[in-house]
Amino acid sequence: MLATGGKSYPHTGSNGEGYNLATKFGHSISQLMPGATPLEINDPYLNKLSGITLENVEISYKINNNQAIEKCKVVKVRGNILITHSGLSGPGILDISNHISLDNQCEYSKLTLNGVYIEIDLIPNINEEKLNEMIIKDSSTNGKTMIKNYLKIYLKNRFIDFFLNKSQVSGNKTLSNMTKKDKKAIINALKHFKVEINSMNKKASMITCGGVKINEINPKTMESKISGVNGLYFAGELLESYGPTGGYNLQIAFSTGYLAGKSAGESVIQ
C-alpha cells in the first residue's frame, strides 16, 4: 500500500517520493500544487498589524490585468483572516489559496504571483445600500463623532488607521464634516478592501493539490486499476482529491486509509 503523503511538510518525510513510486507502476500524476497556503504580502504597514484577526469576512480574488480569468471573479469564501508578520493566513485565506493555486497553475517551484489581488468584504452581512443608509443616519445623530472612532463599530481598533490610510480618508474628521467622497471611499473599502498578493508561502503549505489520478483507482477498494498491477492500494494525500479547511482533508486520509487497509487485508485472507 502507498500512503506516503503529498509534497507538503517535506521535513516530516512527505517529500513527494510516493509520486515517483506510483509512476513506476504506470500511474498518472495530475499537476502538483500547494494548497491551504498562507499568502505573502509586500506591505510593511500591514505586516505590522500581525496578530489581528478579521472575523467572518468574505474573500474573493481577481487578476489585475486585461486578460482576467473570468471564473476567478466568482470564487468567494467565508472565514476568518489572520494577519501575520509576512502576510495573511487563517481559514478563509487557506481556502481561497486553493483556487488561486489552481487557476494560476502554481507549481511548487514557481509561486510568485503577478497582478493577483484579493478583495475582502469586511462586513458581508450588510449590503452597500443598507450601509449607506446607516452611515447617513449615524451622521445626523452622532455628527460630532470622529470617523476613526465611528469605525470601531465595524473594524478592530488596531486595523482602523491602516484602513483609513488605504481609503485616503482622514480619521480625525467628524461624521458631520465627512464629504460624499469620504463616505463613498469608506463604503467601498468596507465592501471591497483590496490587498495585492506577492506570492504563496510554499514552506507553510498544508496540503498538496493534485496527485495520483483517482480515475485509475477503484473507489470501492482503493486498489490500482492499471492493467497488470495487482495488490497495490493507495491512501491519503498521495491521491489528487482534496477539500477545504475544516477537517475534510483529514477525513479523506482516514477514509481512504481505512478502506485501503481493509481491502488489502481481505485480499490476503482470500
Side-chain angles (χ1 to χ4, degrees), residues 1-40 71 75 77 79 82 89-111 199-270:
M1 182 168 75
L2 283 179
T4 59
K7 287 192 70 173
S8 302
Y9 296 115
H11 56 282
T12 66
S14 181
N15 59 7
E17 181 60 29
Y19 302 118
N20 296 329
L21 294 173
T23 57
K24 290 180 180 179
F25 287 99
H27 279 277
S28 305
I29 310 296
S30 60
Q31 184 173 346
L32 304 175
M33 292 167 284
T37 310
L39 302 177
E40 296 187 330
K71 62 182 177 180
V75 174
V77 302
L82 173 65
S89 188
I93 291 297
L94 299 182
D95 283 344
I96 202 72
S97 75
N98 292 347
H99 299 285
I100 295 174
S101 187
L102 289 172
D103 286 337
N104 291 278
Q105 297 294 288
C106 292
E107 300 176 4
Y108 275 85
S109 59
K110 187 179 180 182
L111 295 179
S199 63
M200 303 183 76
N201 186 351
K202 72 173 182 179
K203 292 182 179 179
S205 172
M206 296 183 184
I207 63 171
T208 301
C209 298
V212 177
K213 293 190 174 181
I214 56 175
N215 62 358
E216 299 174 354
I217 308 294
N218 184 338
K220 295 181 179 180
T221 62
M222 303 311 296
E223 185 177 15
S224 170
K225 294 197 299 187
I226 298 296
S227 177
V229 178
N230 298 314
L232 178 62
Y233 298 84
F234 292 86
E237 201 170 323
L238 190 61
L239 300 164
E240 65 179 343
S241 303
Y242 67 93
T245 58
Y248 293 98
N249 294 290
L250 288 173
Q251 186 62 58
I252 290 172
F254 297 152
S255 297
T256 57
Y258 171 80
L259 182 55
K262 181 174 181 292
S263 301
E266 290 175 349
S267 69
V268 172
I269 295 173
Q270 292 176 358

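Just so you know, residue 1 is the first one in the sequence shown, and it goes up from there.
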### Task
Would you check if I100 and L39 make a side-chain contact, meaning some heavy-atom pair closer than 4.5 Å?
yes
#### Entry: Point-to-point distance, once rounded to the nearest 0.5 Å, from CD1 of I214 to OG1 of T256
11.5 Å
### Message
Please check this pair: side chain of S101 against backbone of P34, looking for a donor-acceptor N/O pair closer than 3.5 Å.
### Response
yes
### Query
Less than 4.5 Å apart, any side-chain heavy atom of Y233 and any of S263?
yes
### Closest non-hydrogen atom pair, S30 against E240
OG-OE1, 3.0 Å
### Task
For residues L32 and T208, report the shortest heavy-atom separation together with the two atoms involved.
CD2-CG2, 4.1 Å
### Task
Under the side chain to side chain contact (heavy atoms under 4.5 Å, CB included) rule, collect the residues that match up with L82, sequence neighbours excluded.
T53, T84
### Query
So do the side chains of M206 and T245 get within less than 4.5 Å of each other, counting heavy atoms only?
no
Enumerate donor-acceptor pairs with a distance under 3.5 Å from any side-chain N or O in residues 246-254 to protein atoms, sequence neighbours excluded.
{"residue": "N249", "atom": "OD1", "partner": "G243", "partner atom": "N", "Å": "2.8"}
{"residue": "N249", "atom": "ND2", "partner": "G243", "partner atom": "O", "Å": "2.9"}
{"residue": "N249", "atom": "ND2", "partner": "P244", "partner atom": "O", "Å": "3.4"}
{"residue": "Q251", "atom": "NE2", "partner": "S255", "partner atom": "OG", "Å": "2.7"}

### Task
Output yes when a side-chain donor or acceptor of T37 lies under 3.5 Å from a complementary backbone atom of G35, and no otherwise.
yes
### Task
Take H27 and I217 through the side chain to side chain contact (heavy atoms under 4.5 Å, CB included) test and state the conclusion after the steps.
CA-CA 9 Å; H27 279 277; I217 308 294; 3.8 Å; yes
## Note on the structure
On a heavy-atom basis, the closest approach of K7 and Y19 is CG-CE1, 3.8 Å
### Query
What pair of heavy atoms forms the shortest contact from A36 to S97, and how long is it?
N-OG, 3.4 Å
#### Entry: Residues forming a side chain to side chain contact (heavy atoms under 4.5 Å, CB included) with N20, sequence neighbours excluded
E17
### Task
For the pair E216 (side chain) and I226 (backbone), establish whether a donor and an acceptor sit closer than 3.5 Å, ignoring hydrogens and angles.
no
### Query
Would one find more than 12 heavy atoms of other residues, nucleotides or ligands at under 6.0 Å from atom NZ of K225?
yes
### Message
Could you report the tightest heavy-atom contact between S205 and S8, atom names first, then the distance?
### Response
OG-OG, 3.3 Å
#### Entry: Nearest heavy atoms of I93 and P38, plus distance in Å
CG2-CA, 4.4 Å
